[in-house]
Amino acid sequence: IVAYAGASGAWSHLAGQRHFSARGAEVEFRPFESFRDTMEAVKNGGAHFGMIPIENSTAGSVNENYDLLAQMDLALVGEEIQPVDNCLMAVEDVPLDRIRRILSHPQAIAQCSTFLSGLLHARVEAFANTALAARKVRDDQDLAQAAIGSEEAAKIWGLQVIARGVNDQRANFTRFVVVGPHHLPCDMRIACKTSLIFVTRHEQGALVACLNVLANRGLNLTKLESRPRPGAPWEYVFYVDFEGNLKAPDVESALKELTAHVISLKVLGCYPIRTARRPPSTVLE
């Protein structure tokens, strides 16, 4: 059972299908109302895994999910790179100038800001999820209302695509992480990524010292994100991804040395690296 936020046709749903299609096992995809509900389902045993978007190549990080990862006792056990080609969908194939209201998730809205700025008569509203927005447009049957999401969502919810490729950038990808209830070993023979959360000491050069621990061992940093530390104004929690396996000697020694430079350190997980695939030729043309 794989949990995801939204409804059928959501990008999380499509990323889950993409990731688990090669497993050779029967998979049930189960929708939940929110990212928090998705993670809690995994934590409480309602699902084996959850698909969580963490960053987009156009709109940046999904901060809500970084904060949730810090709060919940879950492990990262995989990642998936999902090409995202957003489209505008409505009940019927109506002209764009007839659309007065557009619904979508804030991340999708941010990915399509240039296109949306050209629709002068349309009001753009944030919605919980792209597929849920599509479902609402289907339910309301309002010809002046549209949603932004995947073409698969349009098919599932019986809507017409009235504009394709509405992303600001044609090469648009979202990185998803797979969360599980506990850590899984990562084979030493394959390329792996390790994710950490740590809080530095509140002193000059603290973050640089931590990053140098990784650099001095040749560990390639692939992500650095900071988030406010709850209950401590102007202090931050840092999220770091680097290439390397937890079992490797250089990673083991790096983590041991890091503990001398931080207040707290948590390993989120070690998992196979998913190389970004080239987007379909229709996106590049």
Side-chain angles (χ1 to χ4, degrees), residues 1-4 11-30 38-39 41-43 45-57 61-62 65-66 68-70 72-83 173-198 210-211 213-225 238-259 262 265-279:
I1 299 172
V2 178
Y4 68 93
W11 288 115
S12 296
H13 182 203
L14 301 183
Q17 292 177 326
R18 186 181 184 88
H19 186 81
F20 288 95
S21 62
R23 294 295 182 97
E26 184 177 348
V27 180
E28 175 189 343
F29 293 96
R30 187 172 295 176
T38 300
M39 293 192 194
V42 178
K43 182 179 178 180
H48 297 98
F49 301 104
M51 294 299 300
I52 302 295
I54 202 71
E55 59 179 316
N56 175 262
S57 59
S61 299
V62 186
N65 289 338
Y66 276 106
L68 287 171
L69 286 174
M72 296 195 178
D73 188 20
L74 294 172
L76 303 189
V77 298
E79 69 174 356
E80 185 59 59
I81 308 298
Q82 173 67 42
F173 299 88
T174 296
R175 175 178 170 240
F176 288 80
V177 290
V178 184
V179 297
H182 49 76
H183 293 269
L184 297 178
C186 194
D187 196 313
M188 288 289 290
R189 296 170 295 180
I190 62 177
C192 292
K193 181 183 291 184
T194 295
S195 295
L196 310 174
I197 299 178
F198 60 78
C210 292
L211 298 181
V213 169
L214 304 178
N216 292 340
R217 289 166 175 77
L219 299 174
N220 183 35
L221 191 72
T222 61
K223 178 70 175 179
L224 174 62
E225 184 75 26
F238 293 96
Y239 297 78
V240 167
D241 295 340
F242 62 86
E243 295 177 355
N245 195 308
L246 278 175
K247 297 178 182 178
D250 53 353
V251 175
E252 289 182 342
S253 64
L255 294 182
K256 184 177 181 179
E257 185 178 346
L258 268 178
T259 58
V262 300
L265 184 148
K266 176 183 178 182
V267 177
L268 286 175
C270 179
Y271 47 91
I273 292 174
R274 204 70 151 185
T275 303
R277 302 176 178 87
R278 287 180 62 85

H183 side-chain N/O to A75 backbone N/O, donor-acceptor pair under 3.5 Å: no
Within-4.5 Å side-chain heavy-atom neighbours: Y66 and I54: yes
T174 side chain to N56 backbone, donor-acceptor under 3.5 Å: no
Between CG on residue L74 and CG on residue L268, distance to nearest 0.5 Å: 9.5 Å
Side-chain ion pair, D241 and R175, N-O less than 4.0 Å: yes
Test item: E252 and L246 side chains (from C-beta on) under 4.5 Å apart, heavy atoms: no
Evaluation steps, side chain to side chain contact (heavy atoms under 4.5 Å, CB included), between L258 and C210: CA-CA 6 Å; L258 268 178; C210 292; 3.7 Å; yes
Expected output: side-chain N220 to main-chain E243 donor-acceptor under 3.5 Å: no
Cysteines C192 and C186 with SG distance under 2.5 Å: yes
Pairwise distance NZ(K266) to CG(L69) - rounded to 0.5 angstrom: 7.5 Å
Partner of V267 by side chain to side chain contact (heavy atoms under 4.5 Å, CB included), out of L196, V251, I197: L196
CZ on F29 to CG on L14, rounded to 0.5 Å: 9.5 Å
Close side-chain approach of Q82 and W11, heavy atoms under 4.5 Å: yes
Electrostatic pair R274-E79, nearest N-O below 4.0 angstrom: no
Distance, nearest 0.5 Å, that separates CD of E55 from CD of E225: 8.0 Å
Closest non-hydrogen atom pair, S12 against M51: O-CB, 3.9 Å
Side chain Y239, main chain L224, donor-acceptor under 3.5 Å: no
Aromatic ring proximity, centroids under 6.0 angstrom, F20 and F49: yes
Chi angles and distances behind the side chain to side chain contact (heavy atoms under 4.5 Å, CB included) call for H182, L184: CA-CA 7 Å; H182 49 76; L184 297 178; 3.8 Å; yes
Verdict with reasoning, T222 to F242, per side chain to side chain contact (heavy atoms under 4.5 Å, CB included): CA-CA 5 Å; T222 61; F242 62 86; 5.6 Å; no
Full working for side chain to side chain contact (heavy atoms under 4.5 Å, CB included) between I52 and V177: CA-CA 5 Å; I52 302 295; V177 290; 4.1 Å; yes
Straight-line distance of L255 CG to R217 CZ, nearest 0.5 Å: 9.0 Å
N/O donor-acceptor pair under 3.5 Å between R30 side chain and A41 backbone: no
Distance-minimising heavy-atom pair for N65 and P53: ND2-O, 2.7 Å
Side-chain H-bond candidate by donor/acceptor type, K223 with S195, under 3.5 Å: no
Polar side chain donor-acceptor pair, Y271 to T194, under 3.5 angstrom: no
Distance, nearest 0.5 Å, that separates CD of E28 from NE2 of H48: 10.0 Å
Heavy-atom pair of closest approach, residues G180 and V77: N-CG2, 4.2 Å
Validation row: L76, V179 side chains within 4.5 angstrom (heavy atoms): yes
